[in-house]
Amino acid sequence: MAPPTPVIRPRFSGEDALHTPFADGQFDIVTIGYGLRNLADFDGGLREMWRVLKPGGRLLILDFGKPDNALWRSFYFAYLRGLVPLFGKIFCGDSATHAYIFESLRHYPAQHGVAARLVEMGCRNSTIINLLGGVMTINYAEKA
């Protein structure tokens with residue numbers, strides 16, 4: 001009988017995404033969810049994630065996207081501008097609670113901009129996974 005496979009538990013850490021305390025090439029997987037567009041320096045965040053990723057490691061970025069379909073994008077942006085602040089007011093007592101999402105998305109390069117930047121950084125297998133027609137997206141890349 002073969003010995004049991006050791007259990008590898010993920011390690012979660014809340015750090016400054018622009019200046020992590022980790023060594024170069026330390027992680028097999030680096031991920032960020034709904035955070036890249038909120039960083040003070042989008043490119044700096046990507047560079048830092050890339051720095052701590054091992055060669056052959058995988059990078060996954062989950063965030064809001066900008067749908068490619070112009071009609072769907074206009075409905076989605078109208079929803080973010082109008083209904084999301086309304087829901088914030090109803091459920092949280094503050095319309096600004098979620099109104100920032102639309103503003104942050106306006107200045108974010110979204111899935112295609114992230115993918116282009118990853119290619120510029122030298123990644124391989126850069127892939128965009130659009131969810132809900134591009135409302136949410138996953139950018140995937142591997143470090144060569």
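Residues take their numbers from the sequence shown, with the count starting at 1.
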Colleague: Are Phe91 and Leu80 connected in the hydrophobic side-chain network, where two residues link if heavy atoms are under 4.5 Å apart?
Modeller: yes
Colleague: Drop me the distance from Tyr140's OH to Leu62's CG, to the nearest 0.5 angstrom.
Modeller: 15.5 Å
Colleague: For the residue pair Asp94 and Ala96, what are the closest heavy atoms and their distance?
Modeller: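 Nearest heavy atoms, Asp94 then Ala96: OD1-N, 3.0 Å.
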Colleague: Does Trp72 reach the main-chain N or O of Leu132 with its side chain, forming a donor-acceptor pair under 3.5 Å?
Modeller: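 It does hold such a pair.
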Colleague: State, with a plain yes or no, whether a side-chain heavy atom of Leu39 is found less than 4.5 Å away from one of Leu46.
Modeller: no
Colleague: I'd like to know if the side chain of Asn139 and the backbone of Gln111 have a donor-acceptor N/O pair within less than 3.5 Å.
Modeller: yes
Colleague: Is it true that a side-chain atom of Arg51 and a backbone atom of Phe22 form a donor plus acceptor pair closer than 3.5 Å?
Modeller: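 Between the backbone of Phe22 and the side chain of Arg51 there is a qualifying donor-acceptor contact (under 3.5 Å).
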Colleague: Enter the distance from Ile128:CD1 to Leu118:CG here, rounded to the nearest 0.5 Å.
Modeller: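 So the gap between those two atoms works out to 9.0 Å.
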Colleague: Assigning hydrophobic clusters by single linkage (Ile, Leu, Val, Met, Phe, Trp, Tyr; side-chain heavy-atom cutoff under 4.5 Å), is Val119 placed with Ile138?
Modeller: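 No; Ile138 is not reachable from Val119 via cluster members.
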Colleague: Do the side chains of Arg37 and Phe64 get nearer than 4.5 Å, heavy atoms only?
Modeller: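 Yes - at least one pair of side-chain heavy atoms lies under 4.5 Å apart.
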Colleague: So with a 6.0 Å cut-off around NE2 of His112, is the heavy-atom count from everything else above 12?
Modeller: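 Yes, enclosed.
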Colleague: Between Thr31 (side chain) and Leu60 (backbone), is there a donor-acceptor pair under 3.5 Å?
Modeller: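 Confirmed, Thr31 side chain pairs with Leu60 backbone.
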Colleague: To the nearest 0.5 Å, what is the distance between CD on Glu120 and OG on Ser126?
Modeller: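 Separation between the atoms: 11.0 Å.
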Colleague: Is the number of heavy atoms from other residues, nucleotides or ligands under 6.0 Å of Tyr100 OH greater than 12?
Modeller: yes
Colleague: What's the spacing between Met121 CE and Arg47 CZ if we round to 0.5 Å?
Modeller: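 The CZ atom of Arg47 is 8.0 Å from CE of Met121, to the nearest 0.5 Å.
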Colleague: Please find the pair of heavy atoms, one from Gly133 and one from Pro67, that lie closest to each other, and give the distance.
Modeller: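 It is O-CB, 3.3 Å.
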Colleague: Give me the atom names and distance for the closest heavy-atom approach of Asp41 to Leu18.
Modeller: O-CD2, 3.4 Å
Colleague: Are more than 12 heavy atoms, taken from residues, nucleotides or ligands other than Ile90, located less than 6.0 Å from that residue's CD1 atom?
Modeller: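 Enclosed.
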Colleague: Write down the atom of Phe42, the atom of Pro109, and the distance for their closest heavy-atom approach.
Modeller: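 So the two residues come closest at CZ-CG, 3.5 Å.
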Colleague: Kindly give the heavy-atom pair with the smallest separation between Arg124 and Ala144, and that separation in Å.
Modeller: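 Smallest heavy-atom distance, with atoms named: NH1-CA, 4.0 Å.
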Colleague: Would you indicate whether the side-chain heavy atoms of Tyr34 and Met136 approach each other to under 4.5 Å?
Modeller: yes
Colleague: Quick check: does any side chain N or O of Lys66 sit under 3.5 Å from a backbone N or O of Tyr108, one acting as donor and the other as acceptor?
Modeller: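 Yes; at least one donor-acceptor contact below 3.5 Å.
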Colleague: Whether the side chain of Ser74 engages the backbone of Leu71 through a donor-acceptor N/O pair (distance < 3.5 Å, no angle test) should be reported.
Modeller: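 Yes.
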Colleague: Under 4.5 Å between any side-chain heavy atoms of Trp50 and Cys123, yes or no?
Modeller: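 In short, these two side chains touch, coming nearer than 4.5 Å.
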Colleague: Drop me the distance from Asn125's CG to Leu59's CG, to the nearest 0.5 angstrom.
Modeller: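 So the CG of Asn125 and the CG of Leu59 are separated by 12.5 Å.
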Colleague: When you measure from the side chain of Thr20 to the backbone N and O of Ala17, does any donor-acceptor pair fall under 3.5 Å?
Modeller: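 Side chain of Thr20 to backbone of Ala17, a donor-acceptor pair under 3.5 Å: no, none is there.
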Colleague: How long is the span from the CD atom in Glu15 to the CD atom in Glu48, to the nearest 0.5 Å?
Modeller: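 Going from the CD atom of Glu15 to the CD atom of Glu48 covers 10.0 Å.
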Colleague: Considering non-hydrogen atoms only, spot the tightest contact between Val114 and Leu36 and give its length.
Modeller: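 Taking Val114 first and Leu36 second, the nearest heavy atoms are CG2-CD2, 4.1 Å.
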